There are 2 protein chains.
Amino acid sequence: MAATIKAIATAAGVSRGTVDRVINGRGGVSPEIEQKIKKLIVDMNYTPNRAGKVLAGLKKPMKIGCMLPSIDNPFFYDVILGLKQSERELSDFGVSIEIAQVKGFDPNDHIRAIKELIAKNVSALCVSTVDVPAVQNVLNAIIQKGIPVISINSDLSHTNRLCYVGCNYAESGKTAAGILNLIRKEPLEVLIITGSLNMQGHNQRINGFIKTLQDKGIKHHIAEVIESMDDDHTAYTRTLCALKKYDRVNCLYITAAGVAGACRAVEEQNLQDQMTILTFDDVPATRELVLKNVIAATICQEPFKQGYESIKILYDYFVNGAAPKKTHYFTDTVIKIKENI
Amino acid sequence: MAATIKAIATAAGVSRGTVDRVINGRGGVSPEIEQKIKKLIVDMNYTPNRAGKVLAGLKKPMKIGCMLPSIDNPFFYDVILGLKQSERELSDFGVSIEIAQVKGFDPNDHIRAIKELIAKNVSALCVSTVDVPAVQNVLNAIIQKGIPVISINSDLSHTNRLCYVGCNYAESGKTAAGILNLIRKEPLEVLIITGSLNMQGHNQRINGFIKTLQDKGIKHHIAEVIESMDDDHTAYTRTLCALKKYDRVNCLYITAAGVAGACRAVEEQNLQDQMTILTFDDVPATRELVLKNVIAATICQEPFKQGYESIKILYDYFVNGAAPKKTHYFTDTVIKIKENI
DNA sequence: CTGAAAGCGCTTACAG
DNA sequence: CTGAAAGCGCTTACAG
């Protein structure tokens with residue numbers, strides 16, 4: 001067991017309160033005593049005991065606000081399970097979470113939800129939002145007031161967010177290409193169905209995919225890149241149209257939501273046997289299509305862990321006051337096929 | 001925040017000590033008072049606060065003994081990192097671990113190492129050992145004395161081990177077949193290189209693999225099953241011999257260690273381009289061969305998590321006294337290819 | 001059979 | 001600028 005505040009106080013010939021002031025930089029200690037204590041902290045190799053901090057901290061509980069565009073978006077279901085699991089594990093330590101769920105990606109809706117969380121007196125924030133100036137400004141103002149913010153699943157630029165927890169989109173795109181390389185039936189004629197060309201993550205998946213195909217010298221041609229707007233119906237109609245237009249397509253690369261819609265178009269055209277379909281994430285509709293052998297593989301990103309770790313990081317920051325070691329906490333790129341899904 | 005012992009004591013009109021006796025079944029409480037307190041515990045929805053328990057528990061630290069056949073076996077490197085990460089996170093809660101490393105699978109060596117840990121006064125055990133009666137008996141005697149035991153990476157039969165934490169071997173074998181199905185160049189002529197036909201886990205990987213190939217109706221033939229004894233040199237000579245004998249082999253399925261040796265034989269015969277090689281785990285030698293495109297995919301099992309979770313489970317048991325919810329904690333079956341390794 | 005007290009390590013008013 | 005005391009929730013001797 002390491003040294004305690006009491007041991008340091010005894011060694012310095014002062015009270016525990018004074019040692020506490022120095023350790024936590026609360027000020028109001030004479031320079032000589034401060035130096036003496038600081039030296040002892042180093043010499044005696046003091047590290048604050050978390051169990052002690054936790055118990056004392058029970059007097060001022062911590063509420064963490066989470067804002068997710070999760071309404072009608074099953075991807076976030078596992079993220080929320082992760083958030084709640086963390087909450088359960090930390091509830092005895094005075095932690096609770098408040099989840100604000102939003103539908104879609106309208107910046108104004110997101111800002112409103114974030115402000116509501118702040119009004120509920122949260123002491124930290126964990127958000128998955130859109131990376132636009134209006135949102136950035138709101139968050140920076142909040143951070144300025146001393147409320148730490150983490151970006152989850154989708155990162156934010158131009159903000160002082162503590163860190164990002166989420167998918168490594170470029171790697172996930174590369175991995176899709178790697179799987180395709182193993183399966184390969186050259187020449188590849190690829191139809192790319194992305195969520196939105198305005199989404200950073202989706203674009204990184206496309207770029208990582210294409211770059212890897214090129215690097216590997218795989219003969220391929222991109223028929224077209226179409227947008228599903230993360231919507232099944234749009235995905236269906238646009239995929240159907242594209243399949244008719246490009247009759248040599250033998251691979252569907254679907255970077256985002258709309259999977260069920262796109263696959264329905266393939267099945268209606270009875271093309272599933274000659275088509276290699278790669279998708280992302282493991283939502284129920286996707287899982288079903290993997291089990292049906294329609295989708296060859298789906299690349300996942302540990303959504304549960306994203307929720308789980310975000311809360312742990314914010315709690316650690318709250319207790320220790322130390323910023324997390326990394327700015328990017330990438331979850332693993334996980335390949336799921338029928339047998340291990 | 002939930003009810004506390006103090007609140008219950010006040011409500012019952014008794015001291016906190018008495019409530020504590022009832023909660024922890026220490027006995028020596030009059031039946032009427034016991035009933036009254038038990039009712040209040042339910043009514044007031046009392047759950048012990050872990051932070052309080054932890055602080056009080058600091059007076060009697062917990063030492064967890066770990067026995068691993070890890071000498072010269074790089075697979076266990078990540079398991080040990082996981083054990084140590086758990087130790088670090090719990091060190092402020094009075095937890096320390098003691099790792100006994102053994103070379104090989106001689107039951108007597110394992111028993112000796114386990115007894116040494118017991119002699120060092122550990123209060124719980126986490127072992128990866130061989131499933132034979134001599135070892136089972138030693139462990140059962142230890143469990144009888146009140147020291148909980150967890151099996152890690154390799155399960156134990158006929159023991160009252162708390163639970164198993166490790167690979168789902170059958171699923172990992174199935175997954176290998178699933179990957180092969182995607183890559184498939186029928187007809188498959190498969191050479192299986194296993195560690196030892198005496199190892200449960202290795203056999204499950206073979207059975208899961210073959211059964212899945214059959215279920216999927218994939219044309220295949222198993223040339224032979226050879227044993228590497230988890231040794232590179234043995235793997236090399238035996239693979240070389242088999243490759244010469246069966247010149248139509250186009251797939252190597254390596255269930256255990258000896259990967260580098262087997263691959264050396266393939267490369268020496270200059271067969272790597274026409275051979276699909278599937279392996280397990282992500283040790284440095286394997287990783288290098290994946291990056292070199294010699295191995296198509298390696299199926300991993302979250303070794304870090306195995307170490308990490310084992311300690312957490314034992315600690316929870318120590319603090320709460322409640323047995324873990326499951327008897328089998330399977331880590332995920334993780335497919336790694338060049339792009340996501 | 002039951003209670004009062006001290007303690008785990010840290011923090012927080014409060015008094016001086 | 002500094003100290004003494006009380007408290008977070010639980011456990012552990014000890015006294016009766």
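Because the structure is predicted, anything quoted here is derived from the model rather than measured.
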Next item on the list: Look only at the side chain of A:Thr331 and the backbone of A:Gln306, and say whether a donor-acceptor pair between them is shorter than 3.5 Å.
Entry: no
Notebook entry, point to check: Where each residue is assigned the nucleotide of DNA chain C containing its nearest heavy atom, which of A:Lys60 and B:Ser30 is assigned the position nearer the 5′ end?
Noted result: B:Ser30
Check: A:Ser15 has a side chain; which of C:dT2, D:dG3, C:dC10 sits nearest to it?
Finding: D:dG3
Next item on the list: Return the value, rounded to whole Å, for the distance between atom CZ of A:Phe93 and atom C1' of D:dG9.
Entry: 12 Å
Check: Within 45° of the ring axis of B:Tyr315 and under 6.0 Å from its six-membered ring centre, is that where the NZ or CZ of B:Lys312 lies?
Finding: no
Notebook entry, point to check: Do side-chain atoms of B:Asp131 reach the backbone of B:Ser157 as a donor and acceptor pair under 3.5 angstrom?
Noted result: yes
Next item on the list: Between B:Ile33 and A:Gly52, name the one whose nearest nucleotide on DNA chain C is closer to the 5' end.
Entry: B:Ile33
Next item on the list: Using a heavy-atom cut-off of under 4.0 Å over every strand shown, decide if B:Lys53 touches base, sugar-phosphate, or nothing.
Entry: sugar-phosphate
Note to self: Taking any heavy-atom pair under 4.0 Å as a contact, classify B:Arg16: base, sugar-phosphate, or nothing.
What the structure shows: base
Check: Taking atom C1' of C:dC10 as reference, at what distance in whole Å does atom OH of A:Tyr46 sit?
Finding: 7 Å
Margin query: Using the P atom as the point on both nucleotides, what is the distance between C:dC1 and D:dC10, in whole Å?
Written below: 24 Å
Check: Looking for any heavy atom pair under 4.0 Å, which part of the strands does B:Val14 touch: base, sugar-phosphate only, or nothing?
Finding: sugar-phosphate
Notebook entry, point to check: C:dC10, D:dC10, D:dC8: which one has an atom nearest the side-chain heavy atoms of B:Asn49?
Noted result: D:dC10
Next item on the list: Could you tell me the separation between the CG atom of B:Leu58 and the P atom of C:dG9, rounded to a whole number of Å?
Entry: 5 Å
Notebook entry, point to check: Has A:Arg26 got a side-chain N or O lying under 4.0 Å from the OP1 or OP2 atom of C:dT12?
Noted result: yes
Next item on the list: Taking all heavy atoms of B:Ile8 and all of B:Tyr46, pick out the closest pair and write down the distance.
Entry: CD1-CB, 3.6 Å
Item checked: For atom CD1 of A:Ile5 and atom P of D:dA4, their distance in whole Å -> 16 Å
Note to self: Tell me whether A:Asp332 contacts the main-chain N or O of A:Val334 through its side chain, where contact means a donor paired with an acceptor under 3.5 Å.
What the structure shows: no
Notebook entry, point to check: Taking NZ from B:Lys6 and P from D:dG9, how many angstroms apart are they, rounded to a whole number?
Noted result: 7 Å
Check: In terms of ring plane angle, is the pair B:Phe330 and B:His328 parallel, tilted or perpendicular, where the classes change at 30° and 60°?
Finding: tilted
Check: Which comes earlier along DNA chain D counting from the 5' end, the contact point of A:Thr18 or that of B:Asp20, where each point is its nearest nucleotide?
Finding: A:Thr18
Next item on the list: Mind calculating the distance between CZ (B:Arg50) and C1' (D:dC10) to the nearest angstrom?
Entry: 13 Å
Note to self: I need the CG-C1' distance between A:Leu55 and D:dA6, as an integer number of Å.
What the structure shows: 14 Å
Note to self: Could you check whether any side-chain N or O of B:Thr10 sits under 3.5 Å from a backbone N or O of B:Lys6, counting only pairs where one atom can act as donor and the other as acceptor?
What the structure shows: yes
Notebook entry, point to check: Using a distance-only test with no angle check, is there a side-chain donor-acceptor pair under 3.5 angstrom linking A:Ser70 and A:Gln101?
Noted result: yes
Note to self: Are there runs of at least three consecutive Watson-Crick or G-U pairs touching DNA chain D, with each pair's two distances under 3.5 angstrom? Give them by first number.
What the structure shows: C:1-3 with D:14-16, C:5-12 with D:5-12, C:14-16 with D:1-3
Notebook entry, point to check: What is the distance from CD1 of A:Ile23 to P of C:dC10, rounded to the nearest Å?
Noted result: 7 Å
Item checked: P atoms of D:dG7 and C:dA4, separation to the nearest Å -> 16 Å
Notebook entry, point to check: Of the nucleotides D:dC10, C:dG9, D:dA13, which one has an atom closest to the side chain of B:Arg21?
Noted result: D:dA13
